[in-house]
Structures are given as C-alpha cells and as structure tokens.
Amino acid sequence: MPELPEVETTRRSLVPVMEGRRFESVAIRRPRMARRNVRPVDVVDRLEGRRLDRLGRIGKFMVGDVEGDITLILHLGMSGKFQIKDIGEPEDMHTNVVFTTDAGQEIRLVDPRTFGFVAAHTPEELEFSSIGSLGPDALEALPPVASMGKVMAGRKVAIKTLLLDQRFLAGLGNIYADEVLSRAGIRGDRESGSLTVDEVRAIRAAIGPVLRAGLKHGGTSLDDLAYLLPDGRAGQFTSRLRVYGREGEHCRTCGTLIKRTVLGGRSSFWCETCQV
DNA sequence: AACGATCCCTGTTGGC
DNA sequence: TGCCAACAGGGATCGT
C-alpha cells in the first residue's frame with residue numbers, strides 16, 4: 001500500500017518527466033478521480049496549457065506548483081500506480097487519469113479501487129482541501145519529542161491510531177505504523193497518554209529509520225494489485241518487514257510468533273514479547 | 001471534543 | 001468446481 005516511502009519513490013520518478021513540462025492535455029476517464037474538486041472539470045481547465053514548476057510531497061500527498069497559482073494534488077489511495085508511457089502505447093485496465101506533457105509523454109494514473117485522486121486548487125481553496133489540515137511530514141519535518149508528547153498527554157486514543165492520524169503526522173500508514181511500533185518496542189493499543197517520555201522518544205526515534213529503510217528499498221509491494229513503481233518494478237522492502245503481514249511467523253528478534261489483532265478497524269501485527 | 005464506526009471501491013481469497 | 005461473502009485499506013464523514 002502506498003505510504004510515505006512509496007509516494008516519495010513515485011515522486012522521484014515523476015520529477016524528471018513532469019517538472020518544467022507543460023500539460024498538453026488532461027483526461028479524466030473516471031470522474032470519481034476528480035471528486036476532491038467541487039467542479040471536477042476544473043482539474044482539466046486549470047491544468048491544460050500550464051507548466052508544472054515543481055512536484056513536492058507532504059505525507060502521502062504529492063503536491064505540485066503549477067503556473068498561475070494552481071496547486072496540483074496527486075494521491076495514490078490504496079491501489080494507485082503511476083506509469084510513464086509514450087503517446088499511443090496500449091493502456092492497462094483501470095487507467096483512470098492521463099496527463100499528456102509537451103515532451104510527448106503520458107503520465108498515467110492506474111487505480112482499480114479508485115481511492116486515489118487528482119485535484120487542482122486555487123490558493124483560496126487550499127485551506128479546505130485535502131492538504132489543508134495535514135500535520136508535519138513524517139520524514140522531513142518530524143516534530144520534537146516535547147511537542148509530540150503534548151499531543152499525546154491525557155489522550156486515550158491508541159498510539160497506533162494517533163500515528164495513523166494524518167493531522168498529527170503526515171505519511172505513516174498501516175504498514176509503517178506497525179513497523180515503527182515494532183522497532184520502538186511499544187504495543188499499538190497503548191493509550192497515547194500512558195506513554196512515558198522515553199517511550200515517546202523511542203517511537204519518534206524509530207520513524208526516520210523505518211521510513212528511510214522503506215525508501216532505500218523502493219517501498220513495500222504486498223501483492224500484485226498493490227503499489228508498483230512507475231517503471232513497473234515491485235518495492236523490495238516487503239521481505240524486510242519486521243511484523244506487518246507476518247502473523248504466525250517468528251519475530252526476527254526473539255522468535256516469538258507474531259500476533260495479528262484488529263485495532264481501529266485495521267489489521268495490526270506485533271510481537272507480544274518485544275512490545276510492551 | 002474526542003473517538004469509534006461506516007462508507008467508498010474492486011480484485012483476491014477462502015469457505016462451503 | 002463454482003459461487004459468494006469476507007477482506008484489504010486512506011481518508012472523509014457521520015454518530016455517540
């Protein structure tokens with residue numbers, strides 16, 4: 001599933017073919033993909049003929065600066081993949097959005113489950129857009145321990161649920177949240193307010209290494225429906241996961257069998273020996 | 001206010 | 001073998 005490392009890997013491969021290029025055309029094949037704009041047609045009207053100056057990222061959102069004060073937002077949802085093709089190459093199933101650049105290439109968003117989206121916003125729309133209430137980026141702007149602790153104090157919400165809250169921290173999804181908690185030695189169902197300063201410090205310290213490891217190996221590809229790099233390759237971090245998807249397998253640290261429980265409606269994997 | 005539950009969507013999987 | 005319910009999950013929204 002695309003989380004911060006997968007989105008950043010995708011962004012890095014899109015930068016060379018998109019930054020500095022002009023959108024010749026934008027085709028929304030599935031109207032639902034433009035649902036974050038009040039008027040879906042605005043996505044086309046606001047992008048066509050304009051140049052993308054920069055493609056950045058906040059959390060799992062790719063955020064582009066477009067000529068004329070337009071902000072482009074790209075989100076992979078859970079099954080979104082970008083492809084870079086020459087004009088006219090045969091299209092795969094579920095090719096839902098196609099950007100054609102002035103370099104004669106097509107940037108295609110293929111997304112079977114359509115949880116992903118594309119949006120184009122004016123400056124006054126941004127505050128109310130999907131990036132309007134995003135927290136700091138988990139890789140580039142990790143807050144100090146004190147400010148993380150402040151948010152957790154007095155809260156009963158499970159720490160994993162908080163790690164998944166994009167207003168608290170932008171970028172962690174179900175897989176990397178479990179991996180962070182495993183590395184930090186903390187159970188995901190612990191009440192946020194019950195964590196000691198040292199435990200908060202351990203969680204904070206685990207976030208960078210886990211995300212950078214994911215990034216280094218091109219992200220995580222759990223199955224063929226899930227995330228792939230724009231060149232079609234699968235992410236190689238999957239085989240290095242500590243806990244996620246490893247129910248019944250041995251903990252890499254102590255050998256205890258990995259447990260699966262449901263937390264906040266999401267599958268959670270953890271080691272009952274290593275995580276307290 | 002805080003937090004849990006539900007919905008969106010479709011390919012895959014597991015049970016009968 | 002074939003069918004169908006259950007499952008997966010990021011984010012928005014609704015209900016308590």
Side-chain angles (χ1 to χ4, degrees), chain A residues 1-8 10-11 28-38 40 57-63 73-82 92-97 109-119 121 125-135 137-138 150-180 188-194 211 214 219-228 234-235 238 241 243-248 260-269:
Chain A
M1 312 302 155
E3 303 179 26
L4 190 153
E6 292 75 27
V7 176
E8 176 62 13
T10 300
R11 187 194 70 84
I28 311 288
R29 304 279 167 74
R30 287 280 299 258
R32 175 177 148 76
M33 299 302 286
R35 65 191 178 282
R36 302 312 304 170
N37 268 88
V38 178
R57 182 191 55 75
I58 307 174
K60 304 171 202 172
F61 296 76
M62 282 181 273
V63 181
I73 299 178
L74 306 172
H75 198 288
L76 297 172
M78 67 171 288
S79 60
K81 294 163 278 283
F82 274 95
D92 287 350
M93 282 248 287
H94 308 298
T95 298
N96 297 340
V97 180
L109 177 52
V110 179
D111 184 6
R113 290 178 194 169
T114 69
F115 279 30
F117 64 87
V118 299
H121 293 299
E125 287 172 355
L126 271 188
E127 180 185 355
F128 311 99
S129 76
S130 40
I131 62 168
S133 50
L134 271 187
D137 185 77
K150 208 169 182 178
V151 179
M152 297 177 188
R155 305 269 306 267
K156 288 191 179 234
V157 66
I159 181 58
K160 178 175 176 187
T161 305
L162 194 58
L163 289 177
L164 289 174
D165 186 341
Q166 304 297 300
R167 295 168 300 183
F168 169 63
L169 199 59
L172 294 181
N174 203 35
I175 297 172
Y176 290 96
D178 274 2
E179 293 298 304
V180 164
D189 61 357
R190 286 279 300 281
E191 291 186 1
S192 302
S194 79
L211 292 178
T220 306
S221 299
L222 281 186
D223 54 60
D224 42 341
L225 181 65
Y227 162 85
L228 295 174
T238 318
L241 292 172
V243 287
Y244 191 88
R246 299 189 64 239
E247 181 184 16
R260 174 187 180 275
T261 52
V262 175
L263 185 52
R266 298 285 179 254
S267 287
S268 300
F269 300 88

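Sequence lines set the chain letters: A, B, ... in the order given, protein chains first and strands last, and positions in each chain run from 1.
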Sorted by chain and number, sequence neighbours left out, ring pair (Phe, Tyr, Trp, His ring centres under 6.0 Å) with A:His75 holds for A:Phe61, A:Phe117

Would you check if the side chain of A:Glu247 reaches a backbone N or O of A:Gly245 as a donor-acceptor pair within less than 3.5 Å? no

Within the side chain of A:Thr161, is there an N or O that forms a donor-acceptor pair under 3.5 Å with the backbone of A:Gly264? no

Rounding to a whole Å, what distance do you find between [X]:[atom1] and [N]:[atom2]?
X        : N     : atom1 : atom2 : answer
A:Asp165 : B:dC3 : CG    : P     : 10 Å
A:Arg29  : B:dC9 : CZ    : C1'   : 20 Å
A:Lys160 : B:dC3 : NZ    : C1'   : 16 Å
A:Leu76  : B:dC9 : CG    : P     : 19 Å

When only distance counts, do a donor and an acceptor, one from the side chain of A:Arg113 and one from the base of C:dA8, lie under 3.5 Å apart? yes

Let me have the donor-acceptor pairs involving side chains of residues 150-159 of chain A, under 3.5 Å, with sequence neighbours excluded, atom names and distances please.
residue	atom	partner	partner atom	Å
A:Arg155	NH1	A:Val151	O	3.4

OP1, OP2 of B:dG11 versus side-chain N and O of A:His94: anything below 4.0 Å? yes

Presence of A:Ser267 side-chain N/O under 4.0 Å of C:dA8 phosphate oxygens OP1/OP2: yes

Note, A:Leu211 side chain near A:Leu172 side chain (heavy atom, < 4.5 Å): yes

Taking C-beta and beyond as the side chain, do A:Leu76 and A:Lys81 meet within less than 4.5 Å on heavy atoms? no

Which part of the nucleic acid, if any, lies within reach of A:Arg30 when heavy atoms closer than 4.0 Å are counted: base, sugar-phosphate only, or nothing? sugar-phosphate

Taking for each residue the nucleotide of DNA chain B bearing the nearest heavy atom, is the 5' side occupied by A:Met93 or by A:Val157? A:Val157

If a protein heavy atom is under 4.0 Å from the base, mark B; if only from the sugar-phosphate, S; if neither, -; do that for nucleotides 10-16 of chain C going 5' to 3'. BBS----

